[in-house]
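First the structure, in the form of structure tokens, and then the observations on it.
Numbering starts at 1 and runs along the sequence shown.
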Amino acid sequence: MNREENITKRLNEHWEESLEYFDVSRILGLFLQGSQNYGLDYENSDVDTKLIVLPTLDEIAFNKKPVSTTHVRANEEHIDFKDFRLYIGTFKKQNLNFLEILFTPFQIVNSTYRPYWDKLVENREAITHYNPYQAVKSMKGIAMEKYHAMEHEYPSKVDVLAKFGYDPKQLHHLLRVEEYLGRYIDGEPYEDCLHPHRLEYLIDVKRGYYDLEMARIIANTAMDNIIRISDNFCSKVENKPDPKVEAMLDEVQYEAIKQSLILELKES
């Protein structure tokens, strides 16, 4: 089984498991997230996904908390369950970790909601530049999270820190974001920015290429550079969303939820 077949097989497994928690009528789609989307996966990489669900009439009428939780499968792979309203919000916040699913070829989209998803994909480059100021701020924030997580003693990272003294995965994320940020500011297409130039190097870093002392030097240098270029960019760019993109996002959210509620009312 090749790489693509393996990812597709596991994506289907995630879909089937998701149906144990949500009726298919309210699932917009399931999308691959993480290293496979950047070409930074290797033989031991998990397949993690995001499941976008539409709110029910009951959830809307009684103002219930929107779905937003991480389901951990028996094999430790993750499925992030998230309400479509919240997901549109992450697009507006320009969060890299959520925008990436607009570009993944690995997805299962409910045919009922395909027109709404296709509308988002059609406008994905505009969505990723909805507010460049916020996009760069978000990238800087993600980089700082990775930087501080590199030596943090999370319970799940005890063995990794015992072996390397730090978490190589966090360092590789930090370096990926550094490159991504620079290319985004330079005006490269977002889809190109998602794919690092130094794939083999970053995979080596992810495997633990550096000892602790050198890892700290590399991380400090990268973080200083990220802060410098992001702060410089934000000092020159207005913090202003694109009203046309915002209107499009709101329309897609409205129409998809309306369609879902129509189906729910018909069934009841």
Side-chain angles (χ1 to χ4, degrees), residues 33-35 37-41 89-104 124-154 157 160-161 164-243 245-246:
Q33 64 170 316
S35 59
N37 286 333
Y38 325 129
L40 289 172
D41 54 308
T90 66
F91 286 165
K92 292 179 179 180
K93 292 177 182 177
Q94 301 283 270
N95 191 314
L96 165 63
N97 293 333
F98 294 89
L99 289 167
E100 70 174 67
I101 71 164
L102 289 168
F103 299 87
T104 183
R124 61 188 183 182
E125 196 66 32
I127 293 171
T128 58
H129 292 83
Y130 164 75
N131 186 345
Y133 177 97
Q134 184 61 40
V136 169
K137 279 284 189 180
S138 176
M139 292 176 210
K140 175 184 173 182
I142 291 171
M144 293 184 72
E145 288 177 7
K146 303 305 180 185
Y147 177 79
H148 291 299
M150 202 175 86
E151 295 185 52
H152 187 83
E153 295 183 0
Y154 295 106
K157 298 296 182 179
V160 173
L161 265 64
F164 298 103
Y166 72 102
D167 184 355
K169 188 174 182 179
Q170 300 300 334
L171 178 58
H172 116 282
H173 279 311
L174 176 60
L175 298 178
R176 177 178 66 86
V177 173
E178 179 187 21
E179 179 187 323
Y180 179 96
L181 174 62
R183 294 171 65 187
Y184 178 87
I185 289 175
D186 286 343
E188 290 191 38
Y190 204 87
E191 185 170 14
D192 292 345
C193 295
L194 283 172
H195 299 280
H197 290 315
R198 304 178 297 168
L199 283 177
E200 292 186 5
Y201 167 69
L202 288 176
I203 290 175
D204 285 343
V205 171
K206 190 177 182 179
R207 294 178 186 272
Y209 181 77
Y210 292 113
D211 62 23
L212 176 59
E213 181 180 359
M214 184 56 67
R216 285 172 172 168
I217 294 172
I218 297 293
N220 286 331
T221 301
M223 198 66 243
D224 288 346
N225 186 46
I226 289 168
I227 292 171
R228 178 182 59 80
I229 62 177
S230 61
D231 288 355
N232 180 62
F233 179 84
C234 289
S235 70
K236 299 175 181 177
V237 175
E238 187 177 2
N239 182 10
K240 184 179 180 180
D242 184 326
V245 176
E246 183 162 24

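The two atoms that bring Val205 and Pro168 nearest to each other are O-CB, 3.2 Å, heavy atoms only. Residues Asp41 and Ile203 share a closest heavy-atom pair of O-CD1, 4.1 Å. When every heavy atom of Gly39 is checked against every heavy atom of Leu199, the shortest pair comes out as O-CD2, 3.6 Å.
For Tyr166, there are no ring-ring contact (aromatic ring centres under 6.0 Å, His included) partners two or more places apart in sequence or in a different chain. Residues that satisfy the salt bridge (Lys or Arg N to Asp or Glu O under 4.0 Å) test with Lys157, not counting sequence neighbours, are Asp167. Take Glu125 and apply the side-chain hydrogen bond (donor to acceptor under 3.5 Å, both in side chains) test, not counting sequence neighbours, and it matches no residue. Contacts of Tyr210 classified as ring-ring contact (aromatic ring centres under 6.0 Å, His included), with partners at least two apart in sequence or in another chain: none. The ring-ring contact (aromatic ring centres under 6.0 Å, His included) check on Tyr209 picks up nothing, with sequence neighbours excluded. Applying the salt bridge (Lys or Arg N to Asp or Glu O under 4.0 Å) test to Arg183 and every residue at least two apart in sequence or in another chain returns Glu179, Glu188. Here Lys92 pairs with Ile88, Tyr130, Glu246, Leu249, Asp250 under the side-chain contact (heavy atoms from CB on, under 4.5 Å) rule; sequence neighbours left out. Applying the ring-ring contact (aromatic ring centres under 6.0 Å, His included) criterion to His195, with sequence neighbours excluded, gives no partner residue. Listed by chain and residue number, Tyr147, Met150, Leu171, Leu174 satisfy the side-chain contact (heavy atoms from CB on, under 4.5 Å) test with Ala219 (two or more places apart in sequence, or in another chain).
Between the Glu178 side chain and the Thr221 main chain, no donor and acceptor come within less than 3.5 Å of each other.
Distance check, rounded to the nearest 0.5 Å: CG of Leu161 to NE2 of His152 gives 9.5 Å. Interatomic distance, OH of Tyr201 versus NZ of Lys206, reported as 14.5 Å (0.5 Å rounding). Between Thr104 atom OG1 and Asn37 atom CG the span is 3.5 Å, to the nearest 0.5 Å. Remark: Met223 CE to Leu175 CG distance equals 11.5 Å, nearest 0.5 Å.
Pairs of residues two or more places apart, or lying in two chains, that qualify as side chain to side chain donor-acceptor pair (under 3.5 Å) and include a residue from residues 132-146 are Lys140-Asp231. For the salt bridge (charged side-chain N to carboxylate O under 4.0 Å, His left out) condition, the pairs that include at least one residue of residues 209-229, sequence neighbours left out, are Glu151-Arg216.
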Met139/Ile229 under side chain to side chain contact (heavy atoms under 4.5 Å, CB included): CA gap, chis, key distance, verdict
CA-CA 11 Å; Met139 292 176 210; Ile229 62 177; over 6 Å; no
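The number of heavy atoms from other shown groups lying within 6.0 Å of NZ (Lys169) does not exceed 12.
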Under 3.5 Å donor-acceptor pairs involving side-chain atoms of residues 233-241, not counting sequence neighbours:
{"residue": "Ser235", "atom": "OG", "partner": "Asn232", "partner atom": "O", "Å": "2.6"}
{"residue": "Asn239", "atom": "OD1", "partner": "Asn131", "partner atom": "ND2", "Å": "2.9"}

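Side-chain contact between Ser230 and Leu181 is present, with at least one heavy-atom pair separated by less than 4.5 Å.
The only member of Leu194, Thr128, Asn95 that meets side-chain contact (heavy atoms from CB on, under 4.5 Å) when paired with Glu100 is Leu194.
Remark: Arg124 fails to qualify as a cation-pi partner of Tyr190 under the 6.0 Å distance and 45° angle criteria applied to the six-membered ring.
Classified by interplanar angle (parallel below 30°, tilted 30° to 60°, perpendicular above 60°), the ring pair Tyr180/Tyr184 is parallel.
Judged purely by distance below 3.5 Å, without hydrogens or angles, the side chains of Asn97 and Gln33 never pair a donor atom with an acceptor atom.
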